[in-house]
Each structure stands twice: as C-alpha cells, then as structure tokens.
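Only one structure is covered here, and it is reproduced in the block below.
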Amino acid sequence: MAFIQLVISGVLQGGLYALIALGLTLTLGVMRITDLSYGVYYTLGAYFSFFFIIKLGFNFVLAGILSVVLAFLIGLLVERLLLRRIISDELSVMILTFAFAYALEEIIVFVWGSPFRTLPPYAIGTLNIGGILLEKQRLVSFAVAVVLIVLVLLFLKKTRFGKALRMVSQQQHGAYLVGIDVQLIQRLTFAVGSFLAASAAVLLSPIYLVYPAMGWSPLLKAFGIVILGGMGSVKGTIIAAFALALIEVLSSYYINQSLSQVSFFVVLILVILIRPSGLFGNREGV
Amino acid sequence: MLEVKDLVVYYGKALALEKVSLLVKENEFVALVGPNGAGKTTLLNTISGLLTPAAGEILWNNSKINGIKPSEIVRLGISQCPEGRKLAPEMTVRENLEMGAFVRKDKKKIAEDLEKTFQLFPRLKERHLQLAGTLSGGERQMVAIARSLMSRPRLLMLDEPSLGLAPIIKEKIFEVIREINSTGTTVLLVEQDTQMAFQFADRAYVLETGNIVMHDKPEHLLGQSEFRKAYLGL
Amino acid sequence: MKEKKLNLIFILFWLIALLLVPPLFPRYLLHVFIIAHIYAAFALSWDLLAGYVGELSLGHSLFFGLGAYSIGYLSGKFGVDPWLSIGISCIVTVVWGLLIGLPCLRLRGPYLAIVTLAFQMLFFLLANSLYNLTGGEEGIRNIERVFNSTESYYYLSVFLVIIAFIICYLLVSSKYGLIFRTIRENPEAAEAAGVNIVNYKMLGYMVSALIAGLAGSYQALYLKIATPDTLSMALTFSAITIVAIGGKGTLVGAVLGSYVTTFIFDRFAFLKDYKMLMYSIVLVLCVLFFRNGLAGAVKRVLLWRKMGVDNMPGGGKA
Amino acid sequence: MVKRNKLFAVAMVLFLLVGTLGCSSQSQSGSGDSKDNPKQPYKIGLLIPMSGDAGDHGQIMIDGAKIAQEEINAAGGILGRQVELIPFDSAANTEKGVTGAKKLIEQDKVDALVGTYRTGVALAVMDVAADAKIPFLISMAASDEIRNKIGKDNSYYKYVFKVAPDVADYTANLLPFLTDITKAKTYYYAAENTAWAKQLGSVMKKQAEAAGIKLVGEAYVDTSATEFTATIMDIKKANPDVVVCGIITAPGVPFAKQYYDAKVPVPMVVTSGVLTIPNTIKNMGAQSDYISFGLFNIDKPITDLTVPFWEKFQEKYGYRGTGFNEVKTYDSIRILAEAINKAGSFDKDALAKTLETEQFKGLAGTYKFDETDHQAKWGEGYVNGVLAEWKDGKAQVIWPENVRDSALIRAPWWK
C-alpha cells in the first residue's frame, strides 16, 4: 500500500517536472544556447498569478492565462532585445542569462518584496480511494500539465511551425536552406519555453511557496532532467522527468528523507560519467 | 540569371573568397570545380544568404540579393542541396521532403510535387515513413536532392552530391541531375569528381584558394595540359 | 609586445601603489583593501577559466569554500600550523578540481557549468546540514590568529594577490596560453593538430581551482572562521560581475573590477536592497555594451594610435 | 555602433572613477571623536541583513529599532545624548558582517553595536567588537555556541551580551503545548535538514523526556523539498500525540498544506519561521487553520511596554510584526539605554558591570543576563514566550492563561 501511494505521488510530481523540463529542452535544441534565465520565467509566472489573484482578485483561470501570456511576451522581448545581440557567443550568453536571472529576481524584490508568499489552492480536499490519498489540487495540476504536454507534442508533430521547430532543432543548417526563418523560430521557441515554465509555476504556486529565488531549483532540476534524457530529445526528457520524480519520492521514504536532493545530484553525476549523451541522446551522426 | 561580381568573403577572420566573379545563365548546367578548401562551399553559402560578403555583389535577374535573409532567397527561387545532406535525422523521409516546400503555401500543388518526386526516386516512396537518420548514404542523398526540388527552384545549387557514394549510385544521382536540368531547372554543381561533372556541364569554373583561375567549356578546359595535370592527374 | 610591456608597467605601479596604502589610508580602508584582494584573486581564477580556457564555472565558489573549510578543519579543529594548512588546503582544492574536471571537461556545452553549479549547491547544502562535521551555519571556528595587526594581514593579502596574478599571467603568456586560445576559438583545428584538449583544459581548470582555494583559505585565515557563505552562489556571482566589469580574458580586468566593485559598493551601503539590483543591471549592460570592460577601455586609451587594428573588415562578429 | 560603444566605455570609466575617488575622499573626513560629548548623539550601529536570502528580516528589525529610538529620545535620550541609529547591510554574510562591524567602529565611530541575524556572522563580529572594546548586544542569532564562547573567555568578551534566546529557550517556548495544552505522552519531530533544526531536535528531546514525553519518530527533510508524502505517511505510522515541526524555511508551507489535506489526526506546533509570518498565512486560506506556534511576543499585556509598542508599530508601518525580529531589536536598544542610565555614565566598564548585575524591562519580559556567559535568562519572571494558533488567518493566543484568547481550537478530524 505504501508503495502504491508513493508511486502515485511520484507520477503526479513527474508530470510537473516534465512540463518544466520540456520548455528547456526545446530552447536548448533550437537555440543551442545555455539559458540560465529559464527559472526566471517560472518565478515570473508565479508572481504574475499571485498578483492577479491576490492583488486584483481575478479568478484562477483568467489569472493563469494572463500570467502565461505575459511570460510569453516577456520571452519574446528578452530574445529580441538581449539574447539576439550575442547569441553566437556561448559564454556571453551564459553570463548574460545568469545576470538577467539575478536582475529580475532583484526587480521582483523591488516590486513585490522578498517575503515568502503562497496562493490559496484551486481545489481543496483529498480523495480517499481504498486508503490511498490523492490531493485534489495535485490531481488538477497534474491533469493540466498532461494536457499541456500533449498539446505541445501534437503541435510539434502536426503543425507547420512545429515541424519547422523540429527541423531547426535537428538540423539548423538544413533549416536555413529550405527557407525557414530560423531566427523567428528561435524567438518563438524561446517564448514558448517561457510560456511552459510560467504555466508550471501557475500550477505549482498553490502547492509550493512563492518567493524571489524560487526559480533556481526548477532550473537545476530541468537541466538535470534534460541532461539525463539526452540534450534535445523530447521523449527522453519526459521519461527522465518521471524517473527522477519516482527516484526522489521512493528514496526519501525507503532510504532517508533528507536524501531526495542528494540522490538527484548523485544520479545526475553518474549519468554524466557513464553516458554523457543522456539516456536517449542519439543526435550525433547524419 | 545569376551573376556574382567581385565577391569578397571572410570566414571569421580568414579571407575565404578574394574577388570572385561568376555567371550562370537560364537553363544552363554550370560546374564549379577546385581542390578542398578553395572556397566552393563558401561561395554557395554566400549566394544562399548564410554568409554576408564584405564586398562585391550578387545579382539575381539583375537585382541585388546580397544582404537578404536566407528564407527570402529560397522564395526567390534559389535552392541549395548542401554538402553532407543536412537532413533532419529524427523526421521521416516524407516530413523532410515536406520541409523542402516550407516556403510554399499551396498544399495541393505541394502534394502533386511530392508525387512527382516519388516518381523520380521510387526508392523514397517505399521508405517515406522511415526516419531519415536510418537511411543509407545514397538514399539520404536522394532525399536531400528531392528536398531541394520541393521549393520549385529556378536555380538548383548542388554541393558535392556524389561524396562518399558507391559508383553505381553516383551515376544514378548524376542522371537524375541531368533530368532535372533538362526539365528546365538551371543547375550550379560543385563537384570534386571533375571527370563526372564535365560529362554533363555546359560550362565550368575552376576555383583555387578564393580565386576563379579559369573558366571555359569543359572540352576546352580538358584540352589544357596544366588543367589536366592538376585535376585529372594525367 | 606592447601589451606585455603594459602588463609589466601595471604590476610595477600596482605594487608601488599598494605599498603606499597603509601609511596614507585610515585603518578601516586597509580592511576593505584586504577584502578587495580576496575577491581579486577569486575573480582572477574565474577569469582564467572563462576568459582563457573558455569554460564557464557557475559553481566556482565551491573551490573558494573548499579552501576555507580545509583550513578551518586543519587549523581550527586539528590545530595544524596555519601556514601549512594553507598549503594543504590548496592541494585539497586541486584534487577536487581534478575529480570534477575529469568527467566534465570531456564534454561540450553546458555540462561543466551545470555540474559545477550542482556540486556547489550540494556542498552548500551539506555544509548547512551536516552539523557534526561542518558546524552548520556556525561554520568552523578557532582558526589560529597569525598576526596581531591589520597591516600584516594587508601585506599578506598583497603578496597573495600578486602571486595569483603572476601565476595566471605566466600561464596565459606561455605556450599554454596560445593553446588555450586555439582550443577556445577552434577546437576542431586544435584536435586535428594533435592537441589533447582535455589535458590542457584540465591544467587550466586545476590552476583555477588552486587560486580560488587560496583565496578562500586566506579569507578564512583572516576572518578566523569558515562559514557556508564561502560556498554560496552569490559569491560566484560577484566574481562574474567583477570580471564582466573589469573585462573578460584580461587578468588586469579582474583586479581593476575588484577594486571598483568593492570600493563603490562598499560606499553605496545606503542602497540597501537595491545593491544587488544595481550589481546585476550593471552586469547585463556590461555584457551587452561594454564587452571589453574596464581593462579594454584603459587599453584603448593607452594604445590610442593602434585602435584601428581591431576594426579590420571581417571582424564582423563585434 | 563602434562609436556608441566607445562613448559608453568612456562614460563608464568616468563614472566608476569618480565614484571610487569621490567616495574614498569622503571616508577620510570621518567624524571626530564623539565620546562623552553631550552635544554628540549616542551612535548605535545596527548589523542587519537587508539583502541576500535573509533580506526580508532587515527592514522589520529597523522598524522595531526606530520605535525604541523615538521612545528613548522623547524621554530625553541617554544621559542627555540623543540616540542615532546607523544601519549596515550585513547580507547575512560573514565577510560582510565583519566589514560592517569594522566600518561602523572605525569609520562611523559608533558607541555600541546591536544585531546580526546569523550565528556565523555573530561569531565573527564578536571578535571584532571585543578587539575594539565596543559593547555588542546580539539580538537575534540564537546558537548556544555564542554563549559558550563568551563563557570560555569572559574577560575578553566583557562587552558582548546575548539578548537573543538560546536554542533551549526556543524549545522551552514550545514545551507547554505538549505538557499543559495537549497533555501529550508522545511526539513526532519533523524538521528540515539543517544544523539549527537538528540542535532544536536534540534539545527538545531532552526537555520532553524530562517531562515524561517520548519521541516516537523524526524526519529531516531537504530545504528544497516539495513532496512530503513520505513524511506524512511516516507520521501516521508512528501515531504520536503531537507533531513538533522544525521546518522554518520554504518547505514549511507545502508541508503544512499537505499535512492539512492529509487530515493527519494530531495537532502540530511549529517553531518560529515561515509558518509564523502573518503575510504567508494570509494567503494560505483554510490550510493554515489549526497550526499552533510559539513566538516571543504579541499584542497582549505581557509587560507594560507591550501594548503601546504594538499599537505604535501597527500605526506607523501598517503591517503586523512577526513577534521575533522587531521585538528583539527593540529590546536590545532599550536595554542598552536603560543600562547606561542606570550606570550613570558612558564608561564601558560601568556599562558591562550594570548589564551583568541589573535587570531590564523589555517587550518579552524582564531581562537578566547570566554573569559568566551573558545569556538572557528564560522562564517565569524573566523573558518568556507565548503560544498561539492560526484560525481563519488570525493568531489566537492559547498560552499563557493570563493573556489567552481561547483554549486550543480542535480540528474535527483530530483523535
């Protein structure tokens, strides 16, 4: 019984990890940059929904939509105004995005202050199915996350833009030659990444805390998941997200509760040592 | 149709092309030969808009096209089949071909062209749902050529289409290129296998370390002893 | 040629200026100078890696902290002679550099950046949680006092930062520096020329770890305590800011940047919460518009006549 | 493009140069000696975090300190000298703390230091203050190590006093919840994996065992943990009478939310931290109900200073204090003023003597420092805490009985 309960918790958590990491894997593949500001869009999404719900009294759905749209627009602006100028210089991009993440964190402190905040849950209560407890809030978040992930996958598979995105990710040079506006695709992908990070935050902020430095932990998790799954592999990313969530939950119950973070690092370092291309990375060749 | 005038291109800080001029006329089959590192690929990439020239100009039907985005250049009717195929490995053959028609909007005509392409390369029809990364070298080259045709180019630039292929497949590829040329598409071919290229070309340019050193009809070039020595080893 | 002379003149003037500080400035400013020198050495180590070897270390405070905790352990817990402790803590950080560098430097892209960040966060976590081992938030105390006067600590800091500068300078101006540059600009060409990229990167990484560890152990020696702050991300961030302001890949920039930030930000205490905001905005602006930093600007002024050289055609990247 | 960059470069260099030079020249014109001159204000340096990860604690400390300053100055100052506060942002960082202490002492020439939030900073600053022979009242940093250090070398740390409670005082604050309120026989300790929480856990265990209460299980979670299914399952399995929660940073909120949703059938009491901050609780909605917590002060007549202080605080700043930071900073400054007034001179040795022997009134009760380790004493008649419970976003005081709002409000699902 305990095992089933833990697995269910791990799966619920994994869906949200997958959502967070999906945006990063798209950005990494398409832009070929190390975006260290990815966590900031997570933070922004949380603060926007905090602002709309608590300060302006909007309902959850409206606030959520507004937040992610805003994050999308900010992503567009950041790519155009900051990243585009230096995108070819890998080191400068890392420094810039790192600095930008810090700057935005401080701007948030400036605008909203630094105390811990939280949001009231969208759905209160717990379902009890044969002794297994399911928090409604987590179920709702998980469901929305899965819907978003499926939408993104369909979008990549079916639409013209989605195909162009995959092409840029897999073969940038070829994408230029078939007449894809690579810069435009990169800009939109960056914005889609911001959108996904923000939507994860909107779903999680009623469960977790909202505070200015909240974005670093998902950034690191997302990077770990992407490295684990193989850079640029969407399938690998999703599988790695669930695997990681399960490892965390199970190890914290069966081994030691303070180990969830340590086990994450250990897994990450082992993967880099043993299989640097990640579990599903097979991008070389062709 | 395409005219390149006094083109100067830097690759990073190194000078890659030093005053290159070249002319391709409507319906012509032009070959560009020369040793490794002479700047052939650089020239094609500059025409395709991937590199920005430091000086000189590129004219397409008498209007200047350097400085235009690569996607616009494809729209104008210049298509490049790059060296090393440059296919998307995790997309199917069909998807790769469809990406070739990215700049076109008319779905019906695209479907028609896809059928035509499959007639040209029956092998690809069999494998249209296979991932491009799992194909053999020759098949990949076919996909690459087919893809560059999907934009309905008026000028097709091919970069080393025979590289690394077995002789039989090589011949097959060249036959297809000739067929493409005969149905009204202008061809600019970059090739290391000079003999093969000269069987088909109307005119040829020789590029060495960033300079056009000779240009003439293939039969005239073959008549020159220094050329034969350098390129055919005879 | 000219640049080499400039660097020598810089060291000379710097040394003379530093010797004039104690008699001319009030005691408190000596302390600020000491802090500036610690940051300068730390920033030098970061610049060596980012500006020359071309690898970004986002968790560089890991080595600073390892240096600090090592001396804390040796001198504070086991009573080893503090001078010997400094030496041993440098070796400890180099070994850690080796352990982390070996798997990561083989890989391209953001691996090193992410893994160093992961290690740093892990160690920060452990330093806070393994109370019995690390003293938690209280850190490791009782590091032996080596001098009684601030002046002596000041002269030691001058000595250390100049040594750090000279080590970095010798490394990058030797043939290794040339190889570093080739690896950074054109790794394929370097590999084709038979250069073992991993070995050279490893060398740069270990020297960088050594200097960061030195800076960390000196800070612990001076403050007589090693706390988890020495492992914090904010510390790495200040090194990056210092180098970005001073100029990446110049070494001199790390020193200039450290003086400027330490003195200016120290003075702007009234900014309170806005200090970090200002820090990060200055950093963003520097990356975008001031890529050569202070050192670049100074060099431009000193080499005014030769300015045209950088603007050759084809340098279209700028 | 090139031209603009050059202009920017020159502007930047000029800005930085002027900044550096301008500021260092200002530093040399530092104020003269102010000692014992009745016209000069009595300067108190405040070492508090205003940036960094503990940044949000700084402002509230200043807010508390300012009320103390106003009250003292309105009553005629310290032996006729007005109090001046000079804050310095220590960013909860050891190096910044030492830099701040040196600047305040050597450049601003303060007469006394108050502050530090982190123990590490306090331990490093103690030495600076002791070297300079400047009185230093530690207001918030709690670890036992501080008083151990003072106790070991009492003559060196003659002027360092610890207003902040000890670890044992934090747990003593929670203990009545187990003994008086719930009459528990067993308890479970859930905490985060930090030194502070571990110290708290071991002291709690000793105090609880002395009161005949058994520890039936404990869990230490990561400071970045977000998923507590495992912890809550373990609690249910251990089946204690009370859960004592030592999660004081970010994970506290998701833990409390999951604890509420899982309807764990036993009450929970938490020590000061994220779950005792009114702002956090405000947005938690119903999920904050039935959490009990310990704190040092609240707007009840605990001493005659308390109610006026909280009224002033609310009126002046428009928000509720946390019952920790502002209280201890306010008390420290008042103690300093009262001690000098009692000693009748600014002589530091007289001040130290007075601090060691006399008693002082503060918000949290009566302060009496231990003669050897200079720790403020805790318990009845000295400084004491209160226990409260969140219900509908409001803190209901449940202990001690003379000031309580109500008895423990029970959740319907408790056993």
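Order of the sequence lines fixes the chain letters, A, B, ..., with proteins taken first and strands second; residue numbering starts at 1 for each chain. These figures come from a predicted structure and were not determined experimentally.
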*Student check: side-chain heavy atoms of Ser292(D) and Pro267(D) closer than 4.5 Å*: no
*Side-chain donor or acceptor of Gln258(D) paired with backbone N/O of Thr226(D) under 3.5 Å*: yes
*Who among Phe50(A), Tyr211(A), Tyr253(A) has the most heavy-atom pairs with chain D under 4.5 Å?*
Tyr253(A)
*Please flag which part of Lys263(D) lies under 4.5 Å from any non-hydrogen atom of chain A: side chain, backbone, both or neither.*
neither
*Counting only heavy atoms closer than 4.5 Å, note whether Ala2(A) contacts chain D via side chain, backbone, both or neither.*
both
*Under a 4.5 Å heavy-atom cutoff, which of Ser217(A), Pro206(A), Ala213(A) has the most pairs with chain D?*
Pro206(A)
*With a 4.5 Å heavy-atom cut-off (strictly below), which parts of residues 132-146 of chain A touch chain D? List them by number.*
Leu133(A), Glu135(A), Arg138(A)
*asked:* What part of Tyr254(A) gets within 4.5 angstrom of chain D, counting heavy atoms only: side chain, backbone, both, or neither?
replied: neither
*Should Tyr260(D) and Trp413(D) count as side-chain neighbours, where that means a heavy-atom distance under 4.5 Å?*
yes
*Is the closest side-chain heavy-atom distance between Ile225(A) and Tyr17(A) below 4.5 Å?*
yes
*Please report the shortest heavy-atom distance between Ile48(D) and Gly58(D), naming the atom on each side.*
CD1-O, 3.8 Å
_Distance check, rounded to the nearest 0.5 Å: Met204(D) atom CE versus Tyr189(D) atom OH?_
8.5 Å
*Can you tell if the side chain of Glu192(D) reaches within under 4.5 Å of the side chain of Thr249(D), non-hydrogen atoms only?*
yes
_Minimum heavy-atom distance Ile20(A)-Ala200(A), with the two atoms named_ = CG1-CB, 3.4 Å
*Would you mind checking which part of Asn193(D) comes under 4.5 Å of any heavy atom in chain A, side chain (CB onward), backbone (N, CA, C, O), both or neither?*
side chain
_Region of Leu119(A) in contact with chain D, defined by heavy-atom distances below 4.5 Å_ = backbone
_So which atom in Ala198(A) and which in Gly45(A) form the shortest heavy-atom distance, rounded to 0.1 Å?_
CB-CA, 3.8 Å
